[in-house]
Every structure is written in structure tokens, then in C-alpha cells.
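What you see below is based on every heavy atom in this structure, not just the backbone, and it leaves out hydrogens, waters and symmetry mates.
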Amino acid sequence: MEYRQDEWKREGNKYKIQQKWVRLSRISPYLIKAVLIGEDDKFWSHEGFDYKAIQKALEKDVRAKRFKLGGSTISQQLAKNLYLSPSKNPLRKIREAILTWRMEHILTKKRILELYLNVAEWGDAGIFGIEMAARHYYGKSASEINPEEAARLAAVLPNPRKYNPLGKSRYVAHRSNLIYSIMIRRGIVVPEYDEVVTEEENRDKENSGGGSPETPLSKESSTAVSPDPQDPLRPLDTMR
């Protein structure tokens with residue numbers, strides 16, 4: 001947030017940080033699940049790093065002949081948001097890895113997730129944290145966010161300054177639909193009758209050769225997540 005304030009000052013913008021802290025227990029379970037699906041589906045089982053995602057990101061960078069290195073977990077994103085700049089240079093990534101390792105060994109998973117949801121940037125005008133994002137976009141608290149709203153809020157996290165949950169971007173619509181469909185398949189959301197009918201119609205179209213190309217989010221891991229048995233979110237995490 002300090003980095004963003006310095007950036008606004010350099011650019012002559014008069015934005016102010018808009019943030020309101022909220023406990024994890026006061027955040028909609030739908031929002032929590034949507035963010036995990038969209039940003040870090042292996043969060044409960046990894047130790048800060050998703051090595052398969054990092055490998056894929058490296059292979060993509062090599063093909064594109066550039067150093068970008070995506071595949072960051074929520075823990076890595078939190079380290080960057082709290083202590084580092086958004087720079088993509090190798091030195092910053094090394095520092096991020098060290099900070100991530102330390103956080104994973106000091107903090108609980110719940111605490112990491114709570115911190116992330118409270119400091120993540122959610123807009124281009126100083127909106128930080130899910131409570132302020134929920135109020136800004138939907139006029140309600142984070143605890144009241146419904147599944148569709150959760151999917152759209154999670155969909156913009158890869159680039160919250162470019163995309164708006166309420167906008168008409170095809171990217172946001174497509175990504176939020178993927179997140180929402182995974183929530184339904186895992187039993188997190190019980191679909192309404194109209195949604196069931198629409199899904200059956202879409203499946204018929206796909207079987208007839210009119211399906212859309214598969215994207216990374218549409219592929220679900222074949223390895224079951226093994227969350228903390230004491231975690232109250234476990235019933236949602238284990239559903240597939």
C-alpha cells in the first residue's frame with residue numbers, strides 16, 4: 001500500500017487508501033472459496049510454493065523470451081503486498097521467496113488467508129481488502145457476499161486495477177463463470193433449476209462439437225486437497 005501511495009504522489013493523483021479490517025470469520029465462505037479456486041487451489045496443502053505452477057510459468061517465460069514468472073501462491077502474493085514492490089526483477093522474486101518461506105513457518109494458514117484478503121488490492125482508486133471491496137462494488141459487508149458476487153470479485157484479482165467486478169469485460173465474465181461452475185461442481189453452491197437446465201443445454205452443445213476451448217481454470221486437480229482437519233472451512237475444501 002505504501003508503494004501505491006508513492007506512485008499516486010509521483011503521478012499527481014489524490015487517491016486515498018480505502019481499507020477496513022475484517023476477521024476471516026466475518027468473510028463470506030463463498031468469497032473465500034472463490035478466491036482460493038481462482039488464485040491458489042492448493043493453498044491448504046502446499047508450503048508456500050506451487051512448484052508445478054512455477055514450472056509452467058517458467059516454460060511460458062522461456063517461450064516468450066521474457067522474465068515474468070507467474071504462478072504465485074496466496075502466500076507469495078501476501079509477501080509481495082506487505083513488504084515488496086510489484087517489480088518482476090529476479091532479485092525481488094528471491095526476496096519474495098525468502099519472506100514466503102518465513103511466513104509459512106510462523107503463521108497459520110488461516111492467518112495468512114485473513115491477511116491476504118484484508119490487504120489485497122481490489123480496484124484502481126485505493127480500494128484494499130475484501131470488506132471495502134464488498135462495500136464499494138455491492139453496497140454490503142464481506143459477510144453478505146453471495147456466490148455470483150464472490151466469483152466476480154475473485155475473477156479480477158489477477159489485475160484489479162484493470163478489471164472491474166461490475167464491468168462488462170469478457171475476461172471477467174468468462175473467468176467468473178469458470179470459478180462459479182467449479183463452486184457448483186464441488187457442492188459449494190447448489191444451482192437453481194434454471195442453471196441446471198442451462199448447464200445441460202451447454203453440455204449438449206459441447207457434445208455436438210460446439211464447445212469452447214479449455215482453459216487452466218476449467219481443469220480440476222485430480223489430487224484431493226488435504227486441509228487442516230480442525231479448519232472450519234474443511235467441509236467446503238474437501239468437496240469435489
Side-chain angles (χ1 to χ4, degrees), residues 24 27-46 50 52-53 56-57 60 70-74 77 113 116-117 120 122-123 130 133-134 137-138 140 142-160 162-227 231-240:
L24 188 64
I27 299 175
S28 165
Y30 297 123
L31 186 283
I32 293 172
K33 289 305 302 177
V35 168
L36 290 176
I37 289 169
E39 292 297 297
D40 189 358
D41 209 19
K42 299 177 182 177
F43 175 75
W44 297 111
S45 60
H46 67 58
D50 185 343
K52 288 186 178 180
K56 290 180 180 178
K60 184 177 180 180
S72 295
T73 63
I74 280 177
Q77 292 180 52
L113 186 55
Y116 173 79
L117 292 172
W122 243 297
I130 185 54
Y137 293 114
Y138 296 107
K140 60 177 69 173
S143 64
E144 299 173 306
I145 292 296
N146 66 38
E148 292 87 352
E149 294 163 346
R152 292 192 73 86
L153 284 165
V156 304
L157 278 174
N159 197 338
K162 179 178 180 181
Y163 298 113
N164 185 319
L166 303 179
K168 297 181 180 180
S169 164
R170 292 178 62 187
Y171 168 85
V172 175
H174 181 61
R175 186 174 175 84
S176 62
N177 285 338
L178 284 174
I179 293 172
Y180 185 72
S181 67
I182 291 173
M183 292 170 73
I184 289 177
R185 288 203 299 274
R186 294 184 180 180
I188 299 166
V189 178
V190 179
E192 299 292 339
Y193 173 77
D194 290 344
E195 292 176 331
V196 173
V197 173
T198 301
E199 184 176 345
E200 290 295 333
E201 291 176 347
N202 290 337
R203 187 178 295 114
D204 291 340
K205 289 180 181 178
E206 290 178 3
N207 292 336
S208 64
S212 58
E214 196 173 47
T215 64
L217 263 181
S218 64
K219 295 180 179 180
E220 294 203 43
S221 172
S222 60
T223 304
V225 177
S226 300
D231 199 307
L233 300 177
R234 186 171 182 268
L236 297 183
D237 292 319
T238 55
M239 288 186 178
R240 287 291 185 273

Q: I need the single residue from Arg185, Glu148, Arg152 that forms a side-chain hydrogen bond (donor to acceptor under 3.5 Å, both in side chains) with Tyr180. Which is it?
A: Glu148
Q: Given side-chain contact (heavy atoms from CB on, under 4.5 Å), test Leu24 with Tyr116 step by step and report yes or no.
A: CA-CA 10 Å; Leu24 188 64; Tyr116 173 79; over 6 Å; no
Q: Evaluate the criterion side-chain contact (heavy atoms from CB on, under 4.5 Å) for residue pair Tyr138 and Asn146; output intermediate values, then yes/no.
A: CA-CA 10 Å; Tyr138 296 107; Asn146 66 38; over 6 Å; no
Q: With Ser169, which residues qualify under side chain to side chain donor-acceptor pair (under 3.5 Å), at least two apart?
A: none
Q: Please give me the minimum heavy-atom distance between Ala151 and Ile179, naming the atom from each residue.
A: O-CD1, 4.0 Å
Q: Partners of Ala150 by side-chain contact (heavy atoms from CB on, under 4.5 Å), sequence neighbours excluded?
A: Tyr30, Leu31, Ala34, Ile145
Q: So how far is it from Lys42 NZ to Ile74 CD1, rounded to the nearest 0.5 Å?
A: 14.0 Å
Q: Would a 4.5 Å heavy-atom cut-off, applied to side chains only, mark His46 and Asp40 as touching?
A: yes
Q: Taking distance alone, no hydrogens or angles, what donor-acceptor pairs closer than 3.5 Å link side-chain atoms of residues 153-160 to residues at least two apart or in another chain?
A:
from	atom 1	to	atom 2	distance (Å)
Asn159	OD1	Lys162	N	3.4

Q: Do Leu178 and Ile37 have side-chain heavy atoms sitting under 4.5 Å apart?
A: no
Q: Over all heavy atoms of both residues, which pair between Gly38 and Arg175 is shortest? Give the atoms and the distance, please.
A: O-NH2, 2.8 Å
Q: With rounding to the nearest 0.5 Å, note down the distance linking CD1 in Ile32 to CD1 in Ile188.
A: 11.0 Å
Q: Who are the side chain to side chain donor-acceptor pair (under 3.5 Å) partners of Lys140, not counting sequence neighbours?
A: Glu149
Q: Please list, chain by chain and in numerical order, all residues satisfying ring pair (Phe, Tyr, Trp, His ring centres under 6.0 Å) with Tyr137, sequence neighbours excluded.
A: none
Q: Testing the basics here: between Gln77 and Ser72, what is the closest heavy-atom pair and its distance to 0.1 Å?
A: NE2-O, 3.5 Å
Q: Run the side-chain contact (heavy atoms from CB on, under 4.5 Å) check on Thr73 and Phe43 step by step: do they pass?
A: CA-CA 7 Å; Thr73 63; Phe43 175 75; over 6 Å; no
